Amino acid sequence: MAVDYTTRDGVAVITLNNPPVNGLGLSTRAGIVEGIERALSDASVTAIVLTGAGKAFSGGADITEFNTPKATQEPTLATAIKVVEGSTKPVVAAIHSVAMGGGLELALGTHYRLAAPGAQIALPEVKLGILPGAGGTQRLPRAIGLEAALNMIVSGAPVMSEKLAGTGLFDEVVEGDLLEAAIAFARKVGAQAGPHPRVRDRKIEHPNAEGFIQFARNGVAGVAKNFPAPHKCIDAVEAGVKNGFDKGLAFERECFVSLVQTPESRALRHAFFGERAASKIPDVPSDTPVRDIHQVAVIGAGTMGGGIAMNFVNAGLPVTLLETKQDALDRGVATIRKNYEGTVKKGKLTPEALEQRMALITPTLSYEDLGNADLIIEAVFEELGVKEQVFKRLDEVAKQGAILASNTSTLDLNRIAAFTKRPQDVVGMHFFSPANVMKLLEVVRGRDTSKDVLATVMKIAKKIRKTAVVSGVCDGFIGNRMIEQYIRQALFMLEEGALPAQVDRAIEKFGFAMGPFRMSDLAGNDIGWAIRKRRYLEHPEMHYSKIADRLCETGRFGQKTGGGWYDYKAGDRTAHPSKLVEEMIVAFSKDVGAGRRKISDEEIVERLVFALVNEGAKILEEGIASKASDIDMVYLTGYGFPLWRGGPMLYADTVGLYNVERAIRRYASRPNGDAWQIAPGIVELAAKGRGFNG
Ligand code: T1G
């Protein structure tokens with residue numbers, strides 16, 4: 001049973017014991033009910049304490065049970081809470097570390113609550129696309145008031161327990177031994193006559209509840225654009241305010257049942273577990289010893305190097321920053337300072353903290369100063385010869401056991417590792433620009449990269465708050481390899497009849513932060529041009545539309561040259577459709593004998609997104625990525641894929657691989673169809689009626 005039961009001086013102590021976070025799965029719920037009944041039938045017991053073992057009081061309902069029979073099998077959480085609340089002997093919750101979601105709802109069903117300071121108190125269900133489904137929308141407003149409760153429920157954000165001292169949620173915030181205090185408190189109230197206070201019996205006082213609820217509704221309009229849960233949270237609280245506790249509870253249940261089945265909630269839960277699953281590498285045991293990282297070094301103080309250095313400095317790690325020339329080094333340090341000054345201006349950093357961070361940076365022109373670094377990351381020019389010089393030099397100066405990481409985004413990591421005598425210490429750490437902002441970090445595993453190096457990098461990635469995803473060695477790793485097929489389709493569609501603004505508008509309506517042409521104008525069309533030139537030499541068999549080359553030949557590299565796929569006014573990033581480019585595109589279609597036709601937005605979205613899915617399936621088959629959720633995490637955290645769709649692979653599952661396969665075969669039969677070599681994995685899974693994610 002995932003619950004322990006003991007008695008102490010006439011007090012029953014029920015301890016939730018379901019590691020890692022005392023998720024309220026079926027066995028835990030059953031254990032709570034049995035514990036209460038056991039205490040009620042024991043005449044020597046006068047009161048009950050409910051607490052949690054390990055690192056949480058409870059992290060809430062067991063999300064892994066959602067949409068399985070166990071989730072609704074009795075005793076449900078609502079039933080367990082009813083049993084607690086209906087106990088004739090007082091139940092005292094002893095809350096430490098974490099009381100979230102159903103865990104807080106359980107505590108709200110007790111008669112008294114004591115908390116240790118520093119405990120995270122939250123109803124984060126909205127972040128999973130659902131809402132508190134076990135009375136949280138009804139009890140929390142009665143415990144801490146309508147405004148504070150609505151803010152917590154709609155934001156899902158945790159509040160530290162000491163901030164809720166003095167509210168109706170906690171009878172005491174206990175500095176000392178929480179359990180001892182709870183047992184003493186229980187003994188005291190156990191001696192008092194009942195009935196003991198129930199949160200549900202309290203009133204929700206507010207001078208203008210209706211007005212505040214409307215204010216809350218206006219406040220969520222932005223974030224709720226693609227997510228139904230925030231509005232439902234407000235609806236449920238409003239129902240309780242207007243119609244009383246029981247009707248409010250029933251309405252909350254209805255809302256929960258409908259939300260838990262929405263694709264948005266499935267996507268958010270997928271992202272929650274995907275983020276955690278990404279740090280698990282199938283053949284690297286979770287107890288693999290890691291190397292200590294106390295001192296970091298970054299080679300290259302350009303845009304990437306500076307951003308990379310900031311990540312570690314933000315985490316409190318000293319960074320030696322190496323450049324080859326003093327002016328480049330000074331520029332790099334000045335840019336870092338400027339970035340921090342911007343953060344100070346926004347009030348998110350104090351001037352003192354800025355100086356503390358800058359003091360952690362040691363600029364140098366000498367490789368000898370890297371000798372004490374535990375982790376060295378190079379972010380130098382993307383050319384193999386330059387990487388060779390850097391890694392040969394590192395081999396001479398880096399201490400034994402130092403991890404040597406390359407930020408390369410296109411080069412072969414195995415070849416880079418081979419420049420050293422320690423390939424087992426070489427790994428890829430591919431940051432995304434701006435490196436101090438983008439959450440995604442592709443960790444590239446070389447043929448010889450050792451397991452403890454991987455385990456160490458995954459751990460340090462968590463410390464610098466990155467979502468790290470392991471990729472094998474291939475051209476473009478996971479993200480860029482897939483985006484290449486996406487861009488290929490975008491260019492073919494220009495040739496076949498579409499225009500840049502139509503393609504961008506269609507995929508931005510689907511939910512991408514930015515379409516391929518606006519993105520290319522921002523990044524610089526010359527970057528794609530250089531990659532394509534290399535591609536034409538390496539893979540002459542691969543058919544590309546040359547339409548982007550023609551654009552680049554006119555020097556239209558995008559925002560940085562005042563014009564690319566779009567026209568730009570000086571100092572203004574707004575993309576204006578360009579008549580000149582439109583004429584160029586039409587002329588190009590004529591030159592290549594491509595009859596232009598009207599292309600629907602639906603076809604645009606299918607060809608762009610299924611190009612990602614098809615390449616993602618090949619990446620899975622080749623073992624470059626170990627799981628589909630890793631690919632989704634890459635796209636959710638690095639490429640602006642809409643969160644409410646869960647990533648390309650989950651989206652494909654939502655559409656159904658049967659339909660994805662049919663669409664790919666349809667495009668394969670049309671002009672430029674040679675680009676659609678369907679991944680065998682899609683065919684196999686579709687035939688079995690399965691998806692990438694189970
Ligand atoms: N269910 C199942 N597994 C969970 C879980 C949960 N609620 N919370 C965490 N885990 C797993 C997680 O996947 C990981 O697994 C391990 O625990 C450690 O997590 C009716 C319906 C609690 C603050 O949304 O915010 O209640 O990778 O790495 O950094 O209204 O986990 O080790 O195999 O995050 O110390 C609402 C979600 C549920 C809380 C701990 N509750 N969890 O953070 O550890 S819905 C939540 C968290 C609900 C009711 C509704 C955090 C944490 P593994 P971790 P952590």
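For clarity, every value in this text was computed on a predicted model and none was experimentally measured. In listed order, ligands and their atoms are each counted from 1.
Closest to atom 20 (C) of ligand 1, if we only count protein heavy atoms, is Glu105 OE1, 3.6 Å. The protein non-hydrogen atom at the shortest distance from atom 40 (C) of ligand 1 is Val21 CG1, 4.1 Å. Closest to atom 42 (N) of ligand 1 among all protein heavy atoms lies Phe272 CZ, 3.6 Å.
The contact set between ligand 1 and Met100, taken as ligand atoms under 4.0 Å from a residue heavy atom, comprises 23 (C), 25 (O), 39 (C). Contact atoms of ligand 1 toward Phe273: 13 (O) (distance under 4.0 Å to a heavy atom of the residue). Close approach to Asp62 involves these atoms of ligand 1, each under 4.0 Å from a residue heavy atom: 1 (N), 2 (C). The distance from ligand 1 to the heavy atoms of Glu125 drops below 4.0 Å at these ligand atoms: 26 (O), 30 (O), 45 (S), 48 (C), 49 (C), 50 (C). Interface atoms of ligand 1 facing Phe256, defined by a heavy-atom separation under 4.0 Å, are 21 (C). Those atoms of ligand 1 with a heavy atom of Gly60 less than 4.0 angstrom away are 26 (O). Atoms of ligand 1 found under 4.0 Å from any heavy atom of Phe66 (numbered from 1 in listed order, with element): 21 (C), 45 (S). Every atom of ligand 1 is numbered from 1 in the order shown, and the set under 4.0 Å from a heavy atom of Pro132 is 30 (O).
Within the 4.0 Å heavy-atom cutoff, Gly59 counts among the residues contacting ligand 1. At least one heavy atom of Pro124 sits closer than 4.0 Å to an atom of ligand 1. Heavy atoms of Lys127 come nearer than 4.0 angstrom to ligand 1 in no pair at all. Residue contact annotation: Gly136 has no non-hydrogen atom under 4.0 Å from ligand 1. Heavy-atom distances between Lys280 and ligand 1 reach below 4.0 Å in at least one pair.
Residue contacts with ligand 1, taken as heavy atom pairs separated by less than 4.0 Å, do not involve Leu123 at all. Only the side chain of Pro20 comes within 4.0 Å of ligand 1, judged by heavy-atom distances.
Taking 4.5 Å as the limit, some side-chain heavy atom of Ile121 sits within range of a side-chain heavy atom of Met152.
Side chain to side chain, Asp452 and Ser450 meet the donor-acceptor criterion of an N or O pair below 3.5 Å. No hydrogens or angles considered: a donor-acceptor pair under 3.5 Å links the side chains of Glu252 and Thr137. Side-chain N/O atoms of Asn151 and Glu147 include no donor and acceptor closer than 3.5 Å.
Here the CZ atom belonging to Phe251 is positioned 5.0 Å from the CG atom belonging to Asp235, to the nearest 0.5 angstrom. Separation of atoms NE2 (His96) and CG (Leu178) is listed at 7.5 Å; rounding is to 0.5 Å.
At under 3.5 Å, a nitrogen or oxygen of Ala61, whether backbone or side chain, sits near a nitrogen or oxygen of ligand 1. Checked against a 3.5 angstrom limit, the closest N/O atoms of Gln120 and ligand 1 fall outside it. Remark: ligand 1 and Ile130 share no N or O pair separated by less than 3.5 Å (distance only, no angle test).
Around the NZ atom of Lys462, the shell of radius 6.0 Å holds no more than 12 heavy atoms that belong to other residues, nucleotides or ligands. Applying the 6.0 Å contact sphere to CD of Glu210 captures no more than 12 heavy atoms from other residues, nucleotides or ligands. In this structure, Lys232 places its NZ atom where only 12 or fewer heavy-atom neighbours from other residues, nucleotides or ligands lie under 6.0 Å away.
Here Arg38 does not pair with Glu34 in a salt bridge; the nearest charged N to carboxylate O distance is not below 4.0 Å. Classification of Arg142 and Asp201 as a salt-bridged pair fails, no side-chain N sitting under 4.0 Å from a carboxylate O.
Nearest to atom 51 (C) of ligand 1 by heavy atom, out of Lys55, Arg269, Arg276, Glu252, is Arg276.
Distance check for atom 54 (P) of ligand 1: a protein heavy atom is found below 4.0 Å. The nearest protein heavy atom to atom 2 (C) of ligand 1 is closer than 4.0 Å. There is a protein heavy atom closer than 4.0 angstrom to atom 7 (N) of ligand 1.
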Run the numbers on Asn314 and Arg357 for side chain to side chain contact (heavy atoms under 4.5 Å, CB included), then give the verdict. CA-CA 7 Å; Asn314 296 347; Arg357 290 190 186 182; 3.0 Å; yes

From CA spacing to verdict: side chain to side chain contact (heavy atoms under 4.5 Å, CB included), Ile478, Met482: CA-CA 6 Å; Ile478 298 171; Met482 289 166 64; 4.0 Å; yes

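Heavy atoms only, all atoms of each residue included: Ala12 and Tyr5 are closest at CB-OH, 3.5 Å.
Between Phe432 and Tyr639, the two ring planes are perpendicular [angle over 60°; tilted spans 30° to 60°].
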